[in-house]
Amino acid sequence: NKIVIYANTVERLSDATKYFAGKLAKSNLGMIYYPTSQAFVDAYEKYELPSLKIGGAEIKDFSIVLSANASDAEKTVASDLQMWLAKKTGVEPTIKLDTETASANEIIIGKTSRPECDPFTDAFAKDIYYSTTLSGTKLLIYAGINGSIFAAANAFKEKALELKGDVTQ
C-alpha cells in the first residue's frame, strides 16, 4: 500500500503534500482515512451496534430516501448504508424515491424534494464539504458541491457507533 505524490517543482510538491494531508480525516474512533475516496475501508467491523435509534425512533421504522434523479454515488451510498444497517442491526430499511409518500422516519440521501432538504441550496452547497443533520426523526445525509456523499454516510456510521446506537444530535 503506497501513496505517490508527484510534482514538477519542490514548491508544487509541497503544495500537493499539504493538500493531501489536509484532506485526510481522523475519525472520533481514531481511524485515519481519505474521505473523498470511494474505496473507504469499513474499519467498523469490530464494533457492535445491537440497536439503533435515530431521533428517538427505532431503526426498524425507517426507510432510506433518494431523489428520483439521484446520482450514481448517492445510489451506491443508499445501498451500502442499507447493507451496513442490516449487518449491524439486523434491520434492512427499504430504499424508496422521493416521489413516493413521505413517512415520519426517513434517512434522506442527497438533495430530494422533501421539505427538510430545502436549506440545501446551491449557495449552501458551496460552503460545506458534507452535512449529516438530524431534523426530528429525519436524518439528512448531504454533500456539498466539492464534498463526498461517501464521507457524509461514513460520518453517520461513526456517529451511530460512537453514541452506541442512540443518535439524537
Side-chain angles (χ1 to χ4, degrees), residues 25 27-29 31 33-122 124-125 127-169:
S27 72
N28 293 334
L29 297 176
M31 292 173 269
Y33 61 95
Y34 193 63
T36 59
S37 170
Q38 293 184 21
F40 180 84
V41 177
D42 186 3
Y44 302 125
E45 294 303 315
K46 63 184 177 182
Y47 296 96
E48 298 295 325
L49 192 65
S51 68
L52 176 62
K53 289 183 179 180
I54 299 174
E58 296 285 342
I59 190 63
K60 68 179 180 56
D61 299 326
F62 278 79
S63 58
I64 297 172
V65 180
L66 288 169
S67 167
N69 302 316
S71 68
D72 289 341
E74 290 167 339
K75 291 174 188 174
T76 300
V77 164
S79 177
D80 173 68
L81 186 57
Q82 180 187 46
M83 289 185 294
W84 184 83
L85 288 167
K87 183 175 184 176
K88 289 295 184 187
T89 68
V91 175
E92 186 174 317
T94 59
I95 296 175
K96 64 183 185 179
L97 298 179
D98 62 349
T99 54
E100 297 176 51
T101 304
S103 59
N105 306 316
E106 295 180 327
I107 299 171
I108 301 171
I109 308 288
K111 178 121 172 77
T112 70
S113 62
R114 297 288 196 256
E116 292 83 7
C117 291
D118 288 348
F120 298 141
T121 63
D122 289 344
F124 176 80
D127 294 332
I128 65 154
Y129 183 64
Y130 68 78
S131 173
T132 55
T133 306
L134 188 60
S135 177
T137 55
K138 303 241 181 176
L139 175 67
L140 312 170
I141 298 176
Y142 180 74
I145 291 172
N146 294 315
S148 169
I149 196 72
F150 295 96
N154 287 329
F156 162 70
K157 290 177 186 178
E158 185 167 328
K159 181 63 88 175
L161 291 167
E162 181 187 346
L163 296 174
K164 298 184 180 8
D166 190 12
V167 180
T168 57
Q169 49 183 317

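Values below: all heavy atoms of this structure, side chains included; hydrogens, waters and symmetry mates excluded. What you are looking at is a predicted structure, and each value in this text was computed from that prediction instead of being measured.
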Is the closest side-chain heavy-atom distance between [X] and [Y] below 4.5 Å?
{"X": "I54", "Y": "I59", "value": "yes"}
{"X": "K157", "Y": "D80", "value": "yes"}
{"X": "I108", "Y": "V65", "value": "yes"}
{"X": "L52", "Y": "F62", "value": "no"}

For the residue pair [X] and [Y], what are the closest heavy atoms and their distance?
{"X": "L140", "Y": "C117", "result": "CD2-SG, 4.4 Å"}
{"X": "V77", "Y": "A153", "result": "CG1-CB, 3.5 Å"}
{"X": "P93", "Y": "Q82", "result": "O-NE2, 2.7 Å"}
{"X": "F150", "Y": "A73", "result": "CE1-CB, 3.8 Å"}
{"X": "E116", "Y": "S135", "result": "CG-OG, 4.1 Å"}
{"X": "A143", "Y": "S148", "result": "CB-C, 3.6 Å"}

How long is the span from the [atom1] atom in [X] to the [atom2] atom in [Y], to the nearest 0.5 Å?
{"X": "I64", "Y": "L81", "atom1": "CD1", "atom2": "CG", "value": "4.5 Å"}
{"X": "T137", "Y": "L134", "atom1": "OG1", "atom2": "CG", "value": "8.0 Å"}
{"X": "K87", "Y": "T89", "atom1": "NZ", "atom2": "OG1", "value": "12.5 Å"}
{"X": "S67", "Y": "I109", "atom1": "OG", "atom2": "CD1", "value": "12.0 Å"}
{"X": "F156", "Y": "L85", "atom1": "CZ", "atom2": "CG", "value": "6.0 Å"}
{"X": "M83", "Y": "K88", "atom1": "CE", "atom2": "NZ", "value": "14.0 Å"}

side-chain contact (heavy atoms from CB on, under 4.5 Å) partners for [X], two or more places apart:
{"X": "A152", "value": "Y130, T132, I141"}
{"X": "D61", "value": "E58, N105"}
{"X": "T99", "value": "A68, L97"}

- Message: Under a 3.5 Å distance rule, please check whether T76 uses its side chain to pair with a backbone N or O of D72 as donor and acceptor.
- Response: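 Yes, because the side chain of T76 sits within donor-acceptor range (under 3.5 Å) of the backbone of D72.
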- Pairs where residues 96-111 contributes a residue and the test salt bridge (Lys or Arg N to Asp or Glu O under 4.0 Å) is met, not counting sequence neighbours: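 Those involving residues 96-111 are K96-E106, E106-R114, E106-K138.
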- Item | Residues which pass side chain to side chain donor-acceptor pair (under 3.5 Å) with S131, listed by chain and number, not counting sequence neighbours |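 Expected list: T133.
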